Amino acid sequence: MVKVFLVEDEIVIRDGIKNSIKWEKEGFEFVGEAGDGELAYPMILKEQPDILITDIKMPFMDGLELSRLVKQELPDIKILILSGYDEFEYAKEAIRIGVAEYLLKPVSSIKLLEVLHSVTSAIVQERQEKELIRKYEADMLENREYQKEEFLNRILTKSLSVTEILAQAKALSMDLSARLYNTILLEVAGISAAEETGEPGTGGGSMFTAIESALEEQSGLYMFRRSAESWMILCLAEDSSQMDQKIRSVETCVRSVLDNCPARTEYFGAIGCPVSRIRELKESVAEAERVFACRYLKGWNQIVGSEDETENGSENSELNVGSLEIAKLDRKILEGFLKTGLRGQASSFMDEYFASLGEKNIQSLLFRQYVTMDAYLTAVGVLESIGYDSDEFVTRCGDFKDMESVFQTVEHTKKYLIHLIETTIDFREAVSKGTNGSLLKAARSYIEQNFDNEDISLNTVASTVNLSPNYFSTVFSQEMGMTFIEYLTRVRMEKAKELLRSSSMKTAEIAYAVGYKDSHYFSYLFKKTQHCTPREFKSQV
């Protein structure tokens with residue numbers, strides 16, 4: 001119901017207006033009255049009416065001053081000015097303030113009611129439009145994350161000017177103006193399979209959401225999702241001291257969330273190098289990638305930079321067993337990288353791996369043979385654990401008994417091991433894509449069969465393929481090149497166009513048939529995506 005407030009200093013006129021209209025019967029709620037603007041102002045702020053009817057000439061505070069003050073606090077309110085003065089200056093000022101109607105006294109109840117209904121129609125239409133925009137923005141929230149990822153990719157791979165970067169950032173509500181920039185690559189791992197699929201009571205997906213929420217509350221930090229379990233965090237600061245504080249706040253936030261998480265989790269953060277220009281971010285990310293590739297050697301549950309690295313070499317040119325860090329020979333270190341590392345990180349990982357074993361120790365032929373054999377068997381084990389036939393691996397990486405040339409020099413050994421790691425990751429990714437492909441096929445099939453259900457959502461579709469919503473969203477966007485909501489909207493719009501072409505159904509019926517109970521929202525989306533109204537589309541057929 002539309003709320004109305006009346007301000008009129010002449011009691012007879014005020015009572016006449018108040019009593020001449022049956023407010024509730026006409027669809028209005030009369031919420032208050034006052035004899036001048038000064039008395040009315042606090043009452044109006046409390047009641048927050050939709051329509052204000054006010055006289056223009058009153059003691060203490062006139063109608064124009066009242067209108068000006070009220071508009072500042074309640075910009076959507078509709079104001080009707082009543083005046084016995086037919087003067088152009090008053091009308092001009094009323095228009096400037098944003099008054100909806102300027103009525104000359106005496107005004108009949110019929111005329112006033114006619115204006116009230118007209119203004120009410122405008123109020124209803126504005127409310128509908130705002131609600132449509134609100135719903136659209138809520139639907140497009142997932143798209144914003146995808147756009148952020150694409151924006152980061154453009155910064156790192158294309159030669160954008162500072163003007164282009166800042167303009168694109170502004171469109172994403174990001175303020176990237178700062179004197180110093182740095183990046184952190186963050187990964188959270190160790191979640192059980194049940195939690196990763198988002199089964200009830202496990203809280204895996206909520207943990208990722210909690211981390212993102214905690215970090216997004218920090219000023220000067222922007223998060224970009226890299227995978228289901230990892231992010232790139234962009235840190236902005238005015239100097240190195242402030243940057244150190246930003247980085248410490250990231251670790252504090254992550255630890256706080258994980259300390260309250262019942263799941264078994266670990267985290268690792270790799271800090272890049274600070275840069276003073278936004279276009280130099282790729283250098284910071286490259287450094288962070290190098291450190292990140294060595295997370296299995298450095299140990300989890302910490303955020304480290306290159307300055308935290310330690311020298312592990314030995315001065316003895318012969319094999320010095322005493323200098324070996326036995327923990328670094330643990331097969332699980334390499335196994336962990338082969339399971340979750342990226343192809344482009346293989347070289348950095350191997351550099352750190354060799355350094356951790358001792359640069360002099362690796363000179364030993366016998367030791368290099370042992371390290372290579374262990375890596376070979378580990379790779380075969382990883383591939384077999386995910387159901388991959390190791391025969392093709394042997395074809396590409398050779399049979400271990402025929403590898404004499406691999407051990408000729410340290411560089412030969414390192415080059416071979418990088419090739420072995422990259423090959424393993426290639427096969428692992430092929431299996432993953434095959435798995436993702438079948439999951440996406442099932443998800444698309446579900447969408448195409450249930451697009452007409454208004455309750456279909458990212459969460460419901462993710463649950464049908466046993467993935468957490470966060471992970472499903474990431475995989476869907478990466479594989480499909482569009483977000484879930486974009487795909488669902490496209491499916492619905494294509495079906496709507498079919499019905500517009502081939503049936504006599506009304507727009508409201510078509511909206512319901514493709515999953516929208518609100519026909520206004522359907523029409524809004526149709527015009528937004530197809531650049532014409534449903535009626536205009538039908539007339540083109």
Side-chain angles (χ1 to χ4, degrees), residues 185 187-193 196-197 225-230 268 289-290 292-297 300 328-354 368-407 411-443 465-468 471-472 474-481:
L185 300 184
E187 180 174 310
V188 176
I191 299 171
S192 69
E196 204 165 291
T197 59
R225 185 173 280 277
R226 283 160 48 94
S227 70
E229 300 159 345
S230 65
F268 183 85
E289 289 279 13
R290 189 185 69 78
F292 190 72
C294 310
R295 58 197 180 280
Y296 299 99
L297 296 168
W300 289 71
K328 299 293 176 65
L329 286 170
D330 187 349
R331 179 175 289 183
K332 290 183 179 179
I333 292 174
L334 179 60
E335 184 179 296
F337 185 79
L338 291 174
K339 286 182 176 180
T340 62
L342 301 177
R343 196 179 197 279
Q345 300 170 346
S347 181
S348 296
F349 173 82
M350 193 49 58
D351 286 342
E352 292 290 327
Y353 191 56
F354 270 32
R368 290 203 306 278
Q369 288 176 332
Y370 169 77
V371 170
T372 305
M373 179 178 69
D374 188 60
Y376 190 95
L377 294 176
T378 300
V380 170
V382 167
L383 292 176
E384 289 182 346
S385 71
I386 59 176
Y388 201 94
D389 189 345
S390 59
D391 289 345
E392 190 173 349
F393 173 81
V394 172
T395 300
R396 286 182 57 176
C397 293
D399 194 318
F400 190 77
K401 65 178 182 291
D402 300 322
M403 291 187 187
E404 291 183 13
S405 62
V406 169
F407 309 116
E411 285 306 311
H412 277 81
T413 304
K414 184 183 289 186
K415 184 177 180 180
Y416 172 77
L417 288 174
I418 292 171
H419 170 66
L420 180 145
I421 290 173
E422 290 177 340
T423 300
T424 306
I425 292 174
D426 285 345
F427 290 155
R428 184 201 74 199
E429 290 297 310
V431 172
S432 176
K433 285 184 177 180
T435 303
N436 288 342
S438 61
L439 290 174
L440 284 175
K441 184 177 180 181
V465 292
N466 294 318
L467 293 178
S468 70
Y471 184 56
F472 175 70
T474 300
V475 170
F476 195 96
S477 297
Q478 290 174 346
E479 298 294 325
M480 298 295 295

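None of these values were measured; they are calculated from a predicted model. Computed over heavy atoms, backbone and side chain alike; hydrogens, waters and symmetry mates excluded.
- In this structure, CZ on F268 lies 9.5 Å from CG on L185, to the nearest 0.5 angstrom.
- The distance from atom CG of L417 to atom OG1 of T372, rounded to the nearest 0.5 Å, is 4.5 Å.
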Under the salt bridge (charged side-chain N to carboxylate O under 4.0 Å, His left out) criterion, do D351 and R290 qualify, and how do the steps go?
CA-CA 10 Å; D351 286 342; R290 189 185 69 78; over 6 Å; no
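- A donor-acceptor contact shorter than 3.5 Å links the side chain of Y376 to the backbone of G398.
- Scored by the ring pair (Phe, Tyr, Trp, His ring centres under 6.0 Å) test, F337 finds F349 as partners (sequence neighbours excluded).
- Of the inter-residue distances, the one linking H419 atom NE2 with S347 atom OG reads 14.5 Å to the nearest 0.5 angstrom.
- Side chains of L334 and I421 form a contact here, defined as non-hydrogen atoms less than 4.5 Å apart.
- Qualifying side chain to side chain donor-acceptor pair (under 3.5 Å) partners for T378, counting only residues two or more places apart in sequence or in other chains: R331.
- D426 is linked by a salt bridge (charged side-chain N to carboxylate O under 4.0 Å, His left out) to R343, R396, counting only residues two or more places apart in sequence or in another chain.
- A search for side chain to side chain contact (heavy atoms under 4.5 Å, CB included) contacts involving A379 returns L338, F393, L420, T424, not counting sequence neighbours.
- Legend: residues meeting side chain to side chain donor-acceptor pair (under 3.5 Å) with E422, ordered by chain and number and at least two apart, are absent.
- Atom-to-atom distance recorded for F292:CZ and S230:OG is 5.5 Å, nearest 0.5 angstrom.
- At distances below 3.5 Å, at least one donor-acceptor pair connects side-chain atoms of R368 with backbone N or O atoms of F407.
- For the residue pair A442 and V465, the shortest heavy atom distance occurs at CB-CG1, 4.0 Å.
- The side chain to side chain donor-acceptor pair (under 3.5 Å) test applied to H412 returns T409, not counting sequence neighbours.
- Legend: residues meeting side chain to side chain donor-acceptor pair (under 3.5 Å) with K339, ordered by chain and number and at least two apart, are E335.
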